[in-house]
Amino acid sequence: MTGCSPKEAVKIGFIGGLTNRNSDNGQAGLNGVTLAVEQFNRSGGLNGQLVELLAKDDAQDPTTAARSARELVEARVEAVIGPFTSSMASVIVPITGQAGILQISPTITSMDFYGKDDNLFRINRTTRDNASDYAKVMRSLGQVRTALAFDTRNLSFSSSWLEEFRNAVKASGRSLAAEIPYESGDQADFAAVVSQMLTSKPDSLIFVSGALDVARLAQQARKQAPRLPIAAVEWAATEQLTELGGEVVEGLLILQNYDRDDSSEHYREFADAYYKRFQRQPGYSTVAAYDAATVVLKALKNRSSGESLKQAALRNNPYQGLQQTISFDANGDTRRKIFFTEIRNGKYVKLKGQ
């Protein structure tokens, strides 16, 4: 009878912000991973062995994040998908790395994690790639004197993004009009932040913030300087931004790391399945998290005896993601195609030539 009992499920972990101010990324990412695992199990799992997903919240809080990471280590998960912000990665990755657990972040971009031979793989490109492209696109739009505000609660990301943007602007013979730090929270004075940005008489504004804060900052920008072009970094490119921002984010420039207009059969099947399961359209963290889960599940399925999951993940390169081929270098870094968009009539519309 014992020999006929089902095999114990293989556990993989998820960690992301599920209850904080920027929980839209974490929740959408969890949905993407959940769908991938459910589909994998329905198709037979690991030769009949099911995969169990253990989800933990980091709450964008270092203490909570560390506790959640330790709980996943104690649960003996094979891999962890997440986190979704660089500040939380700074806390979580050392814990999972010391335990020898493969961690795949769908979205972190900070240069703090680039080019390191550790147990962290990243689905996203770097802040250097993204910030440099922002500088080029904004210059092409005639925006040569930009004021920037950045959220210090995700400092690993925002300081990395700021440094790379500053360097790219400097390389073109320009300089930033202003760099205004602020701490995200219910008591943040967004009117004062925008007022400080405008003191430098910029020709454009850019917000290095999550979707909720960008909506608030855009509201103040439209009140204080209604004709000034505004932009926000890729962190804010979620469905929450258009839902909360409404008219005040119309015309906002923002990067996407996936093609929302993809009409391919493969992507449409995924999008339809996602909508049927969650009654929402997938966002960028959904797509990236689904891709991360694809990597983990394929590596688990094809892992050889005595091989670590990291070794299996590298050996099974490349991977076919929902829209792009994912190919990791020896350090777990990859490239990703991006698209610049402008919010029009509540939708992200690709710029011409994208």
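- The same ILVMFWY cluster, assembled from side-chain heavy atoms under 4.5 Å apart, contains both Val33 and Val51.
- For Gln224, the CD atom counts as densely surrounded, since its 6.0 Å shell holds more than 12 non-hydrogen atoms of other residues, nucleotides or ligands.
- Both Ile123 and Leu297 sit in one connected hydrophobic cluster of ILVMFWY residues. Membership requires side-chain heavy atoms under 4.5 Å apart, directly or through other members.
- Around the CZ atom of Phe278, the shell of radius 6.0 Å holds more than 12 heavy atoms that belong to other residues, nucleotides or ligands.
- Using a 4.5 Å cut-off on side-chain heavy atoms (C-beta onward), Ser209 and Val233 make no contact.
- No continuous path of hydrophobic side-chain contacts links Ile326 to Leu35 [ILVMFWY only; heavy atoms under 4.5 Å].
- Screening Leu255, Val349, Ile254, Leu351 against Thr341 for a side-chain contact (heavy atoms from CB on, under 4.5 Å) leaves a single residue, Ile254.
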### Query
So Glu342 and Lys347, salt bridge (Lys or Arg N to Asp or Glu O under 4.0 Å) or not? Walk me through it.
CA-CA 8 Å; Glu342 184 179 281; Lys347 297 183 181 299; over 6 Å; no
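- A 4.5 Å side-chain heavy-atom check between Glu265 and Arg268 finds every atom pair outside the cut-off.
- Residues Met138 and Thr146 form a side-chain contact, since some pair of their non-hydrogen atoms from C-beta on lies under 4.5 Å apart.
- Between Asp189 and Gln220 there is no side-chain heavy-atom pair separated by less than 4.5 Å.
- At a threshold of 4.5 Å between non-hydrogen side-chain atoms, the residues Ser87 and Arg153 do not count as touching.
- The only option from Asn25, Thr107, Thr238, Asn257 that meets the side chain to side chain donor-acceptor pair (under 3.5 Å) definition with Tyr284 turns out to be Asn25.
- Within the 6.0 Å centre-distance limit, the rings of Phe157 and Trp235 are counted as a close aromatic pair.
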### Task
Dump the intermediate steps for side chain to side chain donor-acceptor pair (under 3.5 Å) on Ser68 and Asp58, then the final yes or no.
CA-CA 7 Å; Ser68 292; Asp58 64 37; over 6 Å; no
### Step-by-step side-chain contact (heavy atoms from CB on, under 4.5 Å) determination, Asn124 to Arg335
CA-CA 7 Å; Asn124 217 352; Arg335 302 280 295 179; over 6 Å; no
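- Residues Ile230 and Arg222 are in side-chain contact: their nearest non-hydrogen atoms beyond the backbone lie under 4.5 Å apart.
- The environment of CZ in Arg344 is crowded: more than 12 heavy-atom neighbours from other residues, nucleotides or ligands sit within 6.0 Å.
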### Check against side-chain contact (heavy atoms from CB on, under 4.5 Å), Gln60 and Met88
CA-CA 6 Å; Gln60 285 295 283; Met88 292 300 97; 3.1 Å; yes
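- A donor atom on one side chain and an acceptor atom on the other are not found under 3.5 Å apart for Ser158 and Asp151.
- Of the possible polar contacts, none joining the Ser23 side chain to the Gly26 backbone as a donor-acceptor pair under 3.5 Å is found.
- Hydrophobic clustering (ILVMFWY, side-chain heavy atoms < 4.5 Å, transitive): Phe165 and Met111 are in distinct clusters.
- Of the possible polar contacts, one joining the Thr199 side chain to the Ser195 backbone as a donor-acceptor pair under 3.5 Å is found.
- A 4.5 Å side-chain heavy-atom check between Leu54 and Glu52 finds at least one atom pair inside the cut-off.
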### salt bridge (Lys or Arg N to Asp or Glu O under 4.0 Å) assessment of Glu239 paired with Arg260
CA-CA 11 Å; Glu239 315 317 297; Arg260 290 173 173 270; 2.8 Å; yes
### Query
Does the pair Ser160 and Thr127 meet the rule for a side chain to side chain donor-acceptor pair (under 3.5 Å), with working shown?
CA-CA 6 Å; Ser160 178; Thr127 52; 2.7 Å; yes
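- Residues Tyr134 and Phe340 place their aromatic rings such that the two centres sit under 6.0 Å apart.
- Glu74 places no side-chain N or O within 3.5 Å of a backbone atom of Glu71 that could act as its donor or acceptor partner.
- For Arg315, the CZ atom sits in a packed shell: over 12 heavy atoms of surrounding residues, nucleotides or ligands are nearer than 6.0 Å.
- Separating the CG atom in Leu217 from the CD1 atom in Ile206 is a distance of 12.0 Å, to the nearest 0.5 Å.
- Neither side chain, Asp117 nor Asn331, offers a donor N or O lying under 3.5 Å from an acceptor on the other.
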### Task
List the steps and the verdict of side chain to side chain donor-acceptor pair (under 3.5 Å) for Asn31 and Thr286.
CA-CA 7 Å; Asn31 289 347; Thr286 307; over 6 Å; no
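- For the residue pair Ser156 and Ser110, a side-chain donor N or O sits within less than 3.5 Å of a side-chain acceptor on the partner.
- Put simply, the side chain of Ser285 reaches to within 4.5 Å of the side chain of Phe84, judged on heavy atoms.
- Although no hydrogens or angles enter the test, the distance criterion places no donor-acceptor pair under 3.5 Å between the side chain of Thr325 and the main chain of Gly321.
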### Task
Please lay out, stage by stage, how Phe190 and Tyr182 fare under the test side-chain contact (heavy atoms from CB on, under 4.5 Å).
CA-CA 9 Å; Phe190 294 104; Tyr182 78 95; 3.7 Å; yes
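- To the nearest 0.5 Å, the span separating OG1 on Thr96 from CD1 on Ile104 amounts to 11.5 Å.
- Of the possible polar contacts, none joining the Asp24 side chain to the Gln240 backbone as a donor-acceptor pair under 3.5 Å is found.
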### Task
Decide side-chain contact (heavy atoms from CB on, under 4.5 Å) for Leu244 and Val214; before the verdict, give the C-alpha distance in whole Å, the side-chain angles of both, and the deciding distance to 0.1 Å.
CA-CA 9 Å; Leu244 294 178; Val214 169; over 6 Å; no
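- Judged purely by atom type and a 3.5 angstrom limit, Glu250 uses its side chain to pair as donor or acceptor with the backbone of Asn345.
- Side-chain contact annotation: Gln143 with Asp203, donor-acceptor N/O pair under 3.5 Å absent.
- In terms of modelled atom types and a separation under 3.5 Å, the side chain of Arg42 and the main chain of Val37 share no donor-acceptor contact.
- In this structure a side-chain-to-backbone donor-acceptor pair under 3.5 Å is missing from Ser327 to Pro318.
- At a threshold of 4.5 Å between side-chain heavy atoms, the hydrophobic network of Ile, Leu, Val, Met, Phe, Trp and Tyr places Ile95 and Phe14 in two separate groups.
- Although no hydrogens or angles enter the test, the distance criterion places no donor-acceptor pair under 3.5 Å between the side chain of Glu179 and the main chain of Leu176.
- Residues Asp133 and Arg125 share a closest heavy-atom pair of OD2-NH2, 3.1 Å.
- Ring geometry, Tyr319 versus Phe328: the interplanar angle exceeds 60°, so the pair is classed perpendicular (tilted spans 30 to 60°).
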### Task
Give the intermediate values and the outcome of side chain to side chain donor-acceptor pair (under 3.5 Å) for residues Tyr274 and Glu269.
CA-CA 9 Å; Tyr274 184 83; Glu269 287 178 352; over 6 Å; no
### Message
I'd like to know whether Glu164 forms a salt bridge (Lys or Arg N to Asp or Glu O under 4.0 Å) with Arg128, so could you lay out the CA-CA distance, the side-chain angles of the two residues, the decisive distance to 0.1 Å, and finally the verdict.
### Response
CA-CA 5 Å; Glu164 300 302 333; Arg128 178 169 296 165; 3.1 Å; yes
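- To the nearest 0.5 Å, the span separating CD on Gln103 from CZ on Arg122 amounts to 13.0 Å.
- Ring to ring, Phe207 and Phe150 are not that close: their centroids are 6.0 angstrom or more apart.
- Side-chain contact annotation: Asn130 with Glu234, donor-acceptor N/O pair under 3.5 Å present.
- Within the 3.5 Å criterion, the main-chain N or O of Leu155 finds no donor-acceptor partner in the side chain of Thr152.
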